[in-house]
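Working notes, structure below.
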Amino acid sequence: MKIKHLLGGAFFATMSLNSQTIEILNYSSNEPVHFASVIFYKENKTVTGDYANENGILNFQYRDFDCIEISCIGFETKKFDKKNITEKLYLKETVIQLPEIIVNGKASVEIGYINKKKVKLKRNLSIGKFIQIAEFIENPFKVPVLIKSFSFKLIEVRGRPIYRLHLYRKHETENIPGEDILTKDLVYSLDEEAKGLVELDLAEYGVELPPDGIYIALEGLGSYDKNGNPDENGGFDFEMFLTDEYIHLYKYEFFDGPEGWINRNEQLKKDEEFMGRKIWKKSFIAPCFGLKVQQP
């Protein structure tokens with residue numbers, strides 16, 4: 001299946017700049033920072049958040065805030081007081097010295113859950129704007145290995161959704177995603193007619209699967225119609241499988257505290273205990289995510 005990797009101008013409508021609009025740019029190249037995350041604060045509390053578009057533009061009209069924080073994978077996070085906000089704001093790229101990765105001729109090995117039997121649900125789990133869904137995949141080799149690709153299987157696509165890939169280390173003390181090990185912002189789009197297997201080639205980025213496993217996550221950045229205008233009803237569904245393992249997490253972006261990562265199956269188990277009755281078996285599910293890695 002052909003996947004669009006968004007690195008330059010695409011199908012998005014052009015937004016004219018005005019006093020209520022900011023343009024987020026790369027400090028070094030003056031190029032747009034695509035789909036940067038912007039958090040709005042009021043008195044040091046998160047008020048709301050949003051994404052810039054593919055051209056790095058965000059309209060902040062009608063938002064009550066005194067400070068914003070702008071972030072994107074591969075760039076330094078930066079805060080701006082409202083009084084210092086100008087039409088163009090700049091982020092500096094993060095300089096990271098990557099270890100040398102040796103690519104040998106050994107075969108690729110498939111790990112994870114891509115071949116698990118799909119469960120049929122009346123209502124599938126979807127990724128829409130501001131939603132991030134993650135799954136933990138063990139490293140069966142217990143040593144670092146090169147990640148060659150990531151896969152999932154589509155059921156339905158609505159509109160032209162945009163999504164970001166995350167690869168998280170395990171948190172040091174909790175069973176939740178920790179540091180994102182990607183150093184490049186990987187953003188993709190899906191066409192409405194897309195179905196079946198989606199495989200994202202990651203070999204060129206030299207990312208290693210940590211010995212203790214990894215959390216793979218997809219983040220919804222919004223959807224657009226054929227003219228490049230926002231489509232509030234857009235998104236996509238992917239195949240899930242039955243499991244009661246605590247490997248499937250989700251969160252809504254731009255919130256702190258208890259609104260952070262939620263382990264779906266663990267929460268369902270707690271609900272069972274609280275209510276004193278069993279929850280429907282097909283509620284315990286996880287995504288059919290998979291990785292191809294270089295055999296050690």
If you apply the rule side-chain contact (heavy atoms from CB on, under 4.5 Å), what do you find for Arg164 with Cys72, and how did you get there? CA-CA 11 Å; Arg164 172 177 283 131; Cys72 189; 3.9 Å; yes
Approximate separation, where rounding is to 0.5 Å, of Ile181 CD1 and Arg169 CZ: 5.5 Å
Among residues at least two apart in sequence or on other chains, which ones pass side-chain hydrogen bond (donor to acceptor under 3.5 Å, both in side chains) with Asn265? none
With heavy-atom distances below 4.5 Å as the criterion, would you say the side chains of Ser151 and Phe289 are in contact? no
Between the side chains of Asp50 and Arg63, is the shortest nitrogen-to-carboxylate-oxygen separation below 4.0 Å, so that they form an ion pair? yes
Flag yes if more than 12 heavy atoms outside Glu232 fall under 6.0 Å of its CD atom; otherwise flag no. no
How far apart are the C-alpha atoms of Leu167 and Ile216, what are their side-chain angles, what is the distance that settles it, and do they pass the side-chain contact (heavy atoms from CB on, under 4.5 Å) test? CA-CA 5 Å; Leu167 302 177; Ile216 313 289; 3.3 Å; yes
According to a hydrophobic-cluster definition based on side-chain heavy atoms being under 4.5 Å apart (Ile, Leu, Val, Met, Phe, Trp, Tyr only), do Leu200 and Val157 belong together? yes
Quick check on the hydrophobic clustering: are Ile155 and Ile133 connected, directly or via other members, by side-chain heavy-atom contacts under 4.5 Å? no
For Lys270, does the NZ atom sit with more than 12 other heavy atoms under 6.0 Å from it, leaving out its own atoms? no
Would you compute the distance between atom CD1 of Ile24 and atom NE2 of His34 and round it to the nearest 0.5 angstrom? 12.0 Å
Are any non-hydrogen side-chain atoms of Tyr27 and Phe75 less than 4.5 angstrom apart? no
For Asn84, look at atom CG and say whether over 12 heavy atoms of other residues, nucleotides or ligands are found less than 6.0 Å away. yes
Hey, quick one: are Leu242 and Phe284 part of the same hydrophobic cluster, counting side-chain heavy atoms closer than 4.5 Å, chains of contacts allowed? no
Donor-acceptor pair, Asp191 side chain versus Glu193 backbone, under 3.5 Å? no
Flag the pair Tyr188 / Tyr163 as yes when their ring centroid distance falls below 6.0 Å, and as no otherwise. yes
Thinking salt bridges, do Arg160 and Asp231 make one under a 4.0 Å N-O criterion? no
Looking at Asn26 and Ser28, would you say the former's side chain and the latter's main chain have a donor-acceptor pair under 3.5 Å? yes
Between Asp237 and Ser126, is any side-chain donor less than 3.5 angstrom from a side-chain acceptor? yes
Side-chain touch Thr21/Leu58, heavy atoms, less than 4.5 angstrom: no
Could you tell me whether Phe136 and Tyr215 have their ring centroids closer than 6.0 angstrom? yes
Less than 4.0 Å between a side-chain N and a carboxylate O, is that true for Arg158 and Glu156? yes
Measuring only between side-chain heavy atoms, which start at C-beta, is Cys288 closer than 4.5 Å to Phe152? no
Answer whether the closest heavy-atom distance between the side chains of Lys269 and Ile279 falls below 4.5 Å. no
Side-chain heavy atoms of Lys153 within contact of Ile114, under 4.5 Å: yes
Kindly work out whether a path of hydrophobic side-chain contacts (I/L/V/M/F/W/Y, heavy atoms less than 4.5 Å apart) joins Phe238 to Leu121. yes
I'd like to know if Lys142 pairs up with Glu138 as an ion pair, taking the criterion as any Lys NZ or Arg NE/NH1/NH2 lying under 4.0 Å from an Asp or Glu carboxylate oxygen. yes
Can you establish whether the number of heavy atoms outside Asp212 located under 6.0 Å from its atom CG is more than 12? yes
Quick check: do Asn263 and His248 have side-chain heavy atoms less than 4.5 Å from each other? no
Are there more than 12 heavy atoms of other residues, nucleotides or ligands under 6.0 Å from atom CD of Glu172? no
State yes or no: do Ile147 and Leu182 share one hydrophobic cluster built from I, L, V, M, F, W and Y residues joined by side-chain heavy-atom distances below 4.5 Å, directly or via other members? yes
Given Glu31 and Leu25, is the side-chain contact (heavy atoms from CB on, under 4.5 Å) satisfied, shown in steps? CA-CA 5 Å; Glu31 293 292 320; Leu25 302 171; over 6 Å; no
Decide, yes or no, whether a salt bridge links Glu199 with Lys292 under the criterion of side-chain N to carboxylate O below 4.0 Å. yes
Short side-chain to backbone donor-acceptor contact, Asp225 and Asn229, under 3.5 Å: yes
salt_bridge(Asp201, Lys148) N-O dist < 4.0 Å: no
Do Pro144 and Pro211 have side chains that get closer than 4.5 Å, going by heavy atoms? yes
